[in-house]
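Structure, as structure tokens:
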Amino acid sequence: MQDTYSRRNFLRLSAALLAGGAAVMTGAPERALGMGTISGRGEPGGLAPISFVKGFCSFCQARCTYQAQVRNGMVESFIGEKDNRWTGGSMCPKGLSVIELINSPYRLTEPMLRQPDGSWKRISYEEAVRITASKVRECLEKHGSKAGDRMALTMPLWDSRESELAAEMTLHLAGCVHMMPPGETCTSTASNMLTSLTGTGNCTTTVNELCNAHTVVLWGANINDLYPPYTRWLEMAKARGVKLVYIDPRRTRTSLWCTTQLQPLPGTDGALALGAIRYVFEHGAFDETKARALITDLDKLREDAAPYTPEKVQEITGVPADEAVAFYAALAESPRTILWLGGALSRYTNGIQTVRALIFLQALTDNIFGSGRGIMTMQSGKPGGDDEFVDALLGPLDKAKMNFRRLRMAMEKGNIDVLFLNCSYRRYPDCDNVRKAIEKVPFVVHRGFFMTEETEASDLFIPAVFSPESQGSGYGNEKQVVWREKIVEAPGSCVPDWQFYRDLGIALFGDRYPGFKDPADLYERFVSIVPSWKGMTLDRLRKSPDGLVWPIYEPNGEEHLGNVFRDGKLLTPEGTMTVQDRVFGRIKWTYPKGSPLGKERDEKYPLVLTQGKVLWHWQQTLTNFSRELAQYTEGRFVSINPETAAKYKLAQGEKVLIETFVGSLEAWVDIRPEIIPGVIFTPSHCTASSPLEQNRSPHINTILPNYWDRISCQHNGVGCALRKIDAQPKA
Ligand code: SF4
């Protein structure tokens, strides 16, 4: 297969953006883009002295740290923190785009209240807090002890971890525990399965351990496009002779670093994993004593994997049997293996079983404990302690949390009165109907930045701040906690989330709300209460170029990197894993719901739809407002293999409709050999509300069905068709 992602091509594309974290845009952004200056800011340029302020990027869990170059109250550039041991000082284009977004002419900087005729009225921040408090109070008075279940909040909160705490305290006092986690659509399945089987929902080791492994399997983890600065770890591991195996239906930039790639059909990873388990049993390539000590019902694992012969694996996954066997043999012989689970594994309705199979594969082959072994995920790293802190201050609230699937049902039934909509609802499949559910909520507050679909769906808009506009801490994939001072003032009436939720808490509950002056004040209080944070003092955090890895129990204690199972024991109460799960049963692999590969295939929709992020964009809400990034994006494209193109008589650049049984949207055809035949890929960031043509298209989730499993929100693997626009019957 031809590889158009040549190393040279890759370097040309990304060197300027990654090396040393140099900013995409240097000098004054307004001048570069021909925009006006937001009022209240100093004029750019001039002879004013330059200062440097430490900060971190809030977008993804690589959590790059930087020095912001500031002049006249404006950020001129970000210089990646060269002493950051995780990133080596690199940053990616998404994070750097914040320099432009802060000063974007599209930014909304004042609160707005929806009027009965649908128009917006500008109001003050104080009025916005009063109105929100009155709606929450109404709900509390009407529903008493049940009011907490009639409210919910969707994260992320944009500026800092202290914002999450401030919001949690406000909701807690209202009797509400329903805060939807930010990674719900990214890693929730992997995280939940890891928690139930190993006792931790985060990575079980740190990324530096890649260099101590013998084999690293990037199972759907497209490191290069999603965590560009982490590419250095692939490079370092490779230089040390570590075998890098990549499993992904598409060849991506990550393929360049790996010695082997398998390209299974989307949604069939579980069958590939069960085939590996079968191979290990068949060849006795495991330590039975150790395996039995860890897996209580090992024989059930053998039974569940037994049907997955190489031939059956080939039939299901499309991976030739000899390639699968070579991969299995390499795994069986590897003395130390790290599995890195990509977010896409959580995005199929069979994700639970796939992830369980992968965790058991690691357990069977003695790759859970010790150096150079473990399981990594994308978008994880949340340290513990939040609930502990809030419960210590306010008393425990013994209630079960809803996930978004349940929240959607509650909204549809008219059982939610107040929704704090911070995230994009477009991240959920069948998003047009998600919006209809939101419309049934009498009062929706949106905290955001631009006129997006979420703003349109809300009753009250209160502008948020970008990360450089607030002090606070954040956490990254390695459970490292980082600190940032406020770098520049926010424009207009934009306020950080910690301020809004604190002010709301005080307006509602007065002295019962644990008031705090600023994030530093709240952080110090947190550290003084939660034992696992005792050593993570603010003073240490402020001095560190890349933060401190949680937990540190002693005031001057050292960080612990590497495998989290320090005593060689799982963190579950029993310290063992069981195949026969009370909720999920045995490990039974089936095709994902809606897959055109399964028995229930619909001949009208024969192609497998996959979608995901691209190097230049984060998700639906922010980076598609960046003019700088828009010059690298090419609208709604649909990548297909030349074979697929020939079969459906499609030419490069031709306009087509991507059709599912839910709906259709327009795209241009991008023919490339990197994707396997019968599968399509289209980017997830495009959205109808982008003011920039390069990013404007109805969101892909408008045509994805309402398929959910118990944990995650699925986006991938459903059947679709491509139809030439010209071939449409005329209306
Ligand atoms: S890799 Fe992630 S944290 Fe780093 S600059 Fe890019 S988006 Fe921000």
Is Glu388 reaching over with its side chain to a backbone N or O of Val530, donor-acceptor style, under 3.5 angstrom? no

Is any side-chain N of the basic residue among Arg502 and Glu162 closer than 4.0 Å to the acidic one's carboxylate O? no

Between Arg447 and Glu454, does any NZ, NE, NH1 or NH2 come within less than 4.0 Å of an OD or OE carboxylate oxygen? no

Applying side-chain contact (heavy atoms from CB on, under 4.5 Å) to Phe389 and Met169, what does each step give before you reach the verdict? CA-CA 10 Å; Phe389 173 71; Met169 292 192 295; 4.1 Å; yes

State, without any angle test, whether Tyr230 and Gln61 hold a side-chain donor-acceptor pair at a distance under 3.5 Å. no

Would you please indicate yes or no on a ring centroid separation below 6.0 angstrom for Phe625 and Phe449? no

Give a yes or no answer on whether the side chain of Thr623 reaches the backbone of His617 with a donor-acceptor pair at less than 3.5 Å. no

Contact summary for Ala190 and Leu341, nearest pair of heavy atoms: CB-CD1, 4.4 Å

In terms of side-chain geometry, is the basic nitrogen of Lys543 or Asp539 positioned less than 4.0 Å from the acidic oxygen of its partner? yes

Spatial distance of atom CD1 (Ile438) from atom CD (Glu456) [nearest 0.5 Å]: 13.0 Å

Can you see whether Trp86 has Arg63 sitting over its ring - NZ or CZ less than 6.0 Å from the centre and within 45° of the normal? no

Within a 6.0 Å radius of atom CZ on Arg542, are there more than 12 heavy atoms belonging to other residues, nucleotides or ligands? yes

Donor-acceptor pair, distance only, cut-off 3.5 Å: does the side chain of Asn701 make one with the backbone of Leu704? no

Roughly how far, to the nearest 0.5 Å, is CZ of Phe78 from SG of Cys64? 11.0 Å

Kindly indicate, with the supporting measurements, whether the criterion salt bridge (charged side-chain N to carboxylate O under 4.0 Å, His left out) is fulfilled by Asp387 and Lys401. CA-CA 12 Å; Asp387 291 348; Lys401 292 183 183 180; 3.7 Å; yes

Go through the steps to decide whether Thr377 and Asn202 satisfy the test side-chain contact (heavy atoms from CB on, under 4.5 Å), and finish with yes or no. CA-CA 7 Å; Thr377 65; Asn202 285 315; over 6 Å; no

What distance separates Asp497 CG from Ser163 OG, expressed to the nearest 0.5 Å? 4.5 Å

Might you point out which heavy atoms bring Gly374 and Thr204 nearest each other, and give the distance in Å? CA-OG1, 3.4 Å

Side-chain H-bond candidate by donor/acceptor type, Asp149 with His178, under 3.5 Å: yes

Considering only NZ, NE, NH1 and NH2 on the basic side and carboxylate oxygens on the acidic side, decide whether Asp459 and Lys135 come within less than 4.0 Å. no

Leu394 vs Leu173, side-chain contact (heavy atoms from CB on, under 4.5 Å): CA-CA, chis, key distance, verdict: CA-CA 7 Å; Leu394 304 173; Leu173 282 170; 4.0 Å; yes

Distance (rounded to the nearest 0.5 Å) between Ile375 CD1 and Leu358 CG: 8.0 Å

For residues Val481 and Pro383, report the shortest heavy-atom separation together with the two atoms involved. CG2-CG, 3.9 Å

Side-chain H-bond candidate by donor/acceptor type, Arg114 with Ser458, under 3.5 Å: no

Taking atom CH2 of Trp498 and atom CG of Leu522, what is their separation to the nearest 0.5 Å? 9.5 Å

Carboxylate-amine/guanidinium proximity below 4.0 Å for Arg435 and Glu453: no

If you count heavy atoms of other groups shown closer than 6.0 angstrom to CD of Glu558, is the number above 12? no

Consider only side-chain N and O atoms of Asn84 and Thr65, and report whether a donor and an acceptor are under 3.5 Å apart. yes

Taking the six-membered ring for Trp, are Trp533 and Tyr553 closer than 6.0 Å centroid to centroid? no

Is Glu141 salt-bridged to Arg137, cutoff N-O under 4.0 Å? no

Intermediate values then yes/no, side-chain contact (heavy atoms from CB on, under 4.5 Å), Met112 and Lys121: CA-CA 5 Å; Met112 303 184 300; Lys121 179 186 163 197; over 6 Å; no

Ignoring hydrogens and geometry beyond distance, is a side-chain donor-acceptor pair present between Thr455 and Thr452 at under 3.5 Å? yes

To the nearest 0.5 Å, what is the distance between CE on Met155 and CG on Leu153? 7.0 Å

Are more than 12 heavy atoms, taken from residues, nucleotides or ligands other than Arg406, located less than 6.0 Å from that residue's CZ atom? no

Regarding Trp550 and Ser532, is there a side-chain donor-to-acceptor distance under 3.5 Å anywhere? yes

Check ion pair Arg405-Glu412 (N to O, under 4.0 angstrom): no

Flag this pair as yes if the NZ/CZ of Arg484 is under 6.0 angstrom from the six-membered ring centre of Phe56 and inside a 45 degree cone about the axis; otherwise no. yes

Can a donor-acceptor pair be found, under 3.5 Å and without considering hydrogens, that links the side chain of Asn415 to the backbone of Met411? no

Any donor-acceptor N or O pair under 3.5 Å, side chains Thr687, His699: no

Counting neighbours of NZ on Lys142 that are heavy atoms of other residues, nucleotides or ligands and sit closer than 6.0 Å, is the number greater than 12? no

Would a distance-only check, ignoring hydrogens and angles, find a side-chain to backbone donor-acceptor pair under 3.5 Å from Ser544 to Arg540? no

Answer yes or no: is there an ion pair linking Arg130 with Asp503, defined by an N-O contact shorter than 4.0 Å? no

